[in-house]
Novice: 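Shown below is the structure under consideration.
The sequence lines fix the lettering, A, B, ..., with proteins before strands; numbering per chain opens at 1. Fair warning: this is a prediction, and the values are worked out from it, not measured in the lab.
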Number of protein chains: 2
Amino acid sequence: MMKVTSKEQGALVVADVLEIIGGKWRGLILAKLCDGPKRFNELKLGLRKVTSSTLTKELRHLEELKMIERAVVQKSPIVVEYRMTTHGETIKQLIYQMIDWGLEHRKKVIEGK
Amino acid sequence: MMKVTSKEQGALVVADVLEIIGGKWRGLILAKLCDGPKRFNELKLGLRKVTSSTLTKELRHLEELKMIERAVVQKSPIVVEYRMTTHGETIKQLIYQMIDWGLEHRKKVIEGK
DNA sequence: CAGGATCCATATGGATACTG
DNA sequence: CAGTATCCATATGGATCCTG
């Protein structure tokens, strides 16, 4: 069911993962990209109120972590597309599980309050 | 495979979940409590360098979210135990999946760099 | 369209000292 | 042992304006 080694390193590894999906925006960006590639402004509009500079910073961070990649689709007017890398794709199941758990939690705790 | 409704609410729900496991300590605390109940100082020592005041704040927050509960086991000298609530238990699988993914990520990206 | 630059607000968490 | 209280540093993200 659960590897012993995983349990022992548990907290440390969780910290790694939180570096990727934690913070106010990174998890949300990844969730959006689970649907498929998105352009800069698509992400910007999809995330309620994030500013350009913040979005850029977060995207760069996810790029450094090899989770997403940036592709210039066309220039002048420039069009950029962000998409998950092959490695990034592997986090999809985790994101989906977060969503499923979150929906249950919402029913039980938030609405049931 | 994935419910459509989940996908659409995706980012919003992810934000809910990140409120619980995000931040610098909350996910780590939950990971520790996956092993079973822990006392205040056990948690404090287990998490590299967290101060009492910070740990207290984070624990209170997780209590408000109905994820953990505090139980006074004995008084004078007081002994307190923190453990997951029934609802909190439901997040275990998510934490474990985070750990599993994190270990893979570590191999592929961090060490493989 | 997609950002860079600059400056700034606030949230998060920390240091230190003290207590029932 | 398990906190509280007070004060404080910094990280995170935001506002605004500008540009190839």
Novice: Rounded to the Å, how far apart are A:Ile29 CD1 and D:dG13 C1'?
Specialist: 12 Å
Novice: For the pair made of CG in A:Leu59 and C1' in D:dG13, what is the distance, rounded to whole Å?
Specialist: 14 Å
Novice: Which pair of heavy atoms, one from B:Leu43 and one from B:Lys32, lies closest together, and at what distance?
Specialist: CD2-CB, 3.8 Å
Novice: In whole angstrom, what separates B:Leu62's CG from C:dG13's P?
Specialist: 11 Å
Novice: Specify the residue among B:Arg39 and A:Lys57 whose closest nucleotide of DNA chain D lies further upstream toward the 5′ end.
Specialist: B:Arg39
Novice: Please report, rounded to the nearest Å, how far the P atom of C:dG3 is from the CG atom of A:Leu45.
Specialist: 14 Å
Novice: Do the side chain of A:Thr56 and the base of C:dA2 come within less than 3.5 angstrom through a donor-acceptor pair of N or O atoms?
Specialist: no
Novice: Look up atom CE in A:Met67 and atom CD1 in A:Ile21, then write down how far apart they are to the nearest 0.5 Å.
Specialist: 9.0 Å
Novice: Quick one: pull up OG1 in B:Thr86 and CD in B:Glu69 and give me the separation to the nearest 0.5 Å.
Specialist: 7.0 Å
Novice: Go through D:dG13, C:dG13, C:dA2 for me and flag the one nearest to the A:Val79 side chain.
Specialist: C:dA2
Novice: Nearest-Å distance, CG (A:Leu28) to C1' (D:dT12)?
Specialist: 14 Å
Novice: Answer yes or no: does a side-chain N or O of B:Tyr82 lie under 4.0 Å from OP1 or OP2 of D:dG3?
Specialist: yes
Novice: May I ask you to verify if any side-chain N or O of B:Lys24 is less than 4.0 angstrom from the OP1 or OP2 atom of C:dA11?
Specialist: no
Novice: A:Arg26 or A:Ser52: which one's nearest nucleotide on DNA chain D is closer to the 5' end?
Specialist: A:Arg26
Novice: Nearest whole Å is fine: how far is D:dA2 P from B:Lys44 NZ?
Specialist: 11 Å
Novice: Nearest nucleotide by nearest heavy atom, which residue falls closer to the 5' end of DNA chain C, B:Ser53 or A:Arg70?
Specialist: A:Arg70
Novice: If we check salt bridge (charged side-chain N to carboxylate O under 4.0 Å, His left out) with A:Arg60, which of these qualifies: A:Glu64, A:Glu63, A:Glu58?
Specialist: A:Glu63
Novice: Output yes when at least one side-chain N/O atom of A:Lys75 is less than 4.0 Å from OP1 or OP2 of C:dC1, else no.
Specialist: no
Novice: Check whether any side-chain N or O of A:Thr54 sits under 4.0 Å from OP1 or OP2 of D:dG14, and answer yes or no.
Specialist: yes
Novice: The side chain of A:Ile78 is closest to which nucleotide in this list: D:dG3, C:dA2, C:dG3?
Specialist: C:dA2
Novice: In whole Å, what is the span from the CD atom of A:Glu81 to the P atom of C:dC1?
Specialist: 15 Å
Novice: Please determine if a side-chain N or O atom of B:Trp25 lies less than 4.0 Å away from the OP1 or OP2 oxygen of C:dT12.
Specialist: no
Novice: Rounded to the Å, how far apart are B:Gln74 CD and D:dC1 C1'?
Specialist: 10 Å
Novice: Counting only side-chain heavy atoms from C-beta out, which of C:dG3, D:dT4, D:dG13 sits nearest to B:Arg60?
Specialist: D:dT4
Novice: Going by heavy atoms in the side chains, are A:Leu55 and A:Trp25 under 4.5 Å from each other?
Specialist: no
